[in-house]
Amino acid sequence: MKSKIWLSSPHMGHKEFEFVKEAFDTNWIAPLGPHVDGFEQDIVNFLDSPVYVAALSSGTAALHLGLILLGVQPGDEVICQSMTFSASANPIAYMGAKPVFVDSEADTWNMSPASLEEAIKDRIAVTSKAPKAIIPVHLYGMPAKMDEIAAVAARYEIPILEDAAEALGSSINGRMCGTMGAISALSFNGNKIITTSGGGALVSASKHNANQARFLATQARDAAPHYQHSHIGYNYRMSNVCAGIGRGQMTVLNDRIAARRANFDLYVQRMASLPGVSFVYEPDGYFCNRWLTTILIDPALSNGITRETLRLAMDKENIESRPLWKPMHLQPVFQGSPYYGDKTSEHLFANGLCLPSGSNLVDKDFDRIFAVVDEVWQLATA
Ligand SMILES: *Cc1c(COP(=O)(O)O)cnc(C)c1O
């Protein structure tokens with residue numbers, strides 16, 4: 001069996017182990033410590049904006065605490081991009097709140113500002129109450145149309161909880177993803193552009209929000225010599241060992257972004273002229289970290305090749321590829337939730353594929369990938 005080519009696997013640099021060793025040498029093996037503080041500062045520096053960062057155990061935890069800090073109550077409605085990973089929407093359910101799903105637009109594949117406004121108007125008409133928060137996502141690193149989304153949100157005075165889990169390093173006109181919400185969430189899960197093995201961060205321009213996140217993430221202990229609690233707490237803080245990995249990864253983040261963008265350019269160079277294949281490009285002023293390179297395959301133009309044809313052919317060669325995120329409004333677990341849009345995400349899900357995109361892919365990996373691609377298209381046109 002040929003070695004596995006993964007969709008997106010961890011890619012350590014040279015410094016991670018040094019930081020982890022330092023954590024061991026100094027016995028800082030706790031969910032706090034100097035690496036946690038240092039990692040938070042590294043992220044602030046990278047985001048290059050007056051924000052505060054709380055390092056957490058996952059991106060999902062960041063979204064959950066974000067909803068708490070925005071005052072979401074049981075029974076409230078929260079608007080969420082439909083086309084996303086389930087972790088964007090699950091925290092709404094943790095709160096006993098109700099998700100309302102909004103479809104994507106075709107330019108960035110993210111939340112449609114027009115469908116967002118339609119959803120808000122209708123929810124106010126139906127429930128006499130505005131939704132409590134809006135969760136847009138920057139899928140695969142491509143920034144959502146945040147200016148338009150923020151304008152709609154401001155009109156109805158609804159705060160934005162930005163899911164930037166896939167978009168560290170992406171930006172719009174120099175403004176970084178992860179700084180575009182009242183509260184933003186980052187992820188350092190194993191498959192993301194950099195990883196702490198598992199981890200996340202809550203980002204906010206409000207120091208109070210970051211401090212509250214740290215407080216809630218460490219079991220909400222009041223200031224007292226004994227254990228006293230006036231709030232329900234969580235065990236969501238990042239450990240000093242994981243933060244050590246993160247500190248090392250921050251030193252190579254720009255290299256990782258450059259490598260993933262080079263992957264995208266190579267795929268475009270090799271595949272853009274194939275009949276039926278299309279890519280999603282950056283709108284003017286947008287910068288995408290190209291966490292994953294994705295394509296659409298239109299079977300009407302590709303001699304019947306579908307995304308499944310290519311996925312199965314890759315799988316046979318032990319190469320991992322994956323359909324795009326299945327929209328939340330089609331997920332059994334969210335059946336019956338309100339949905340607004342024109343089914344753009346259903347078309348994307350039916351025809352889209354994520355290609356191997358790791359920053360550690362080498363030339364011979366791409367040789368194997370393109371051998372499959374060439375064979376699939378040659379067979380179809382033979
Ligand atoms: C990865 C991811 C998350 C969750 O992050 P974890 O760190 O895995 O909990 C949330 N939203 C999106 C869009 C993601 O891709």
Side-chain angles (χ1 to χ4, degrees), residues 6-10 31 39 43 53-68 78-95 99 101-102 104 108-111 133-144 146 149 160-170 177-178 180-181 183-203 213 217 234-239 242-243 245-246 249 256 260 288-294 322-329 331 333-334 345 348-349 352 354 357-358:
W6 298 95
L7 192 68
S8 178
S9 70
F39 185 46
I43 297 169
V53 170
L56 301 173
S57 54
S58 71
T60 311
L63 290 164
H64 186 192
L65 294 182
L67 291 174
I68 295 171
V78 173
I79 290 181
C80 183
Q81 182 165 320
S82 183
M83 188 160 174
T84 186
F85 178 46
S86 63
S88 307
N90 282 338
I92 301 170
Y94 303 166
M95 303 296 296
F101 293 114
V102 168
S104 296
T108 73
W109 300 1
N110 294 306
M111 184 179 279
I134 299 168
I135 307 178
V137 188
H138 312 294
L139 281 189
Y140 310 115
M142 181 62 80
M146 289 306 286
I149 290 168
I160 290 175
L161 175 56
E162 179 194 14
D163 183 345
E166 302 178 3
L168 185 60
S170 299
C177 291
M180 298 177 180
I183 295 176
S184 305
L186 300 173
S187 169
F188 308 107
N189 197 3
N191 60 353
K192 297 297 186 337
I193 196 152
I194 58 166
T195 183
T196 57
S197 78
L202 181 143
V203 184
Y234 302 85
N235 184 4
Y236 277 174
R237 199 74 159 117
M238 180 179 280
S239 93
C242 293
I245 303 174
Q249 289 270 276
R256 300 298 181 257
R260 292 198 186 236
C288 177
N289 69 8
R290 295 294 177 191
W291 170 55
L292 296 185
T293 291
T294 56
R322 191 182 295 157
L324 302 187
W325 298 124
K326 180 174 182 175
M328 291 302 117
H329 72 272
Q331 297 285 358
V333 70
F334 292 120
S345 63
L348 295 171
F349 173 60
C354 303
S357 300

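All ligand and atom numbering here is 1-based and tracks the order in the structure. Counting begins at 1 with the first residue of the sequence.
Using cut-offs of 30° and 60° on the angle between ring planes, the pair Trp291 and Trp325 is parallel.
In this structure a side-chain-to-backbone donor-acceptor pair under 3.5 Å is present from Asp163 to Ala165. Proximity of a side-chain donor or acceptor of His138 to a complementary backbone N or O of Ala144 within less than 3.5 Å is detected.
Between Phe188 and Phe39, the ring centre distance stays below 6.0 Å.
There is a side-chain donor-acceptor pair under 3.5 Å between Arg260 and Ser8.
By the ring pair (Phe, Tyr, Trp, His ring centres under 6.0 Å) test, Phe349 is found to be paired with no residue, residues two or more places apart in sequence or in another chain being considered.
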Below 3.5 Å only, please: the N or O atoms of ligand 1 paired with protein N or O atoms, distance on each line.
residue, atom, partner, partner atom, Å
ligand 1, 5 (O), Ser187, OG, 3.2
ligand 1, 7 (O), Gly59, N, 2.7
ligand 1, 7 (O), Ser187, OG, 2.7
ligand 1, 7 (O), Gly199, O, 3.4
ligand 1, 8 (O), Asn189, ND2, 3.1
ligand 1, 9 (O), Gly59, N, 3.3
ligand 1, 9 (O), Thr60, N, 2.9
ligand 1, 9 (O), Thr60, OG1, 2.5
ligand 1, 11 (N), Asp163, OD1, 3.3
ligand 1, 11 (N), Asp163, OD2, 2.7
ligand 1, 15 (O), Glu166, OE2, 2.5
ligand 1, 15 (O), Lys192, NZ, 3.3

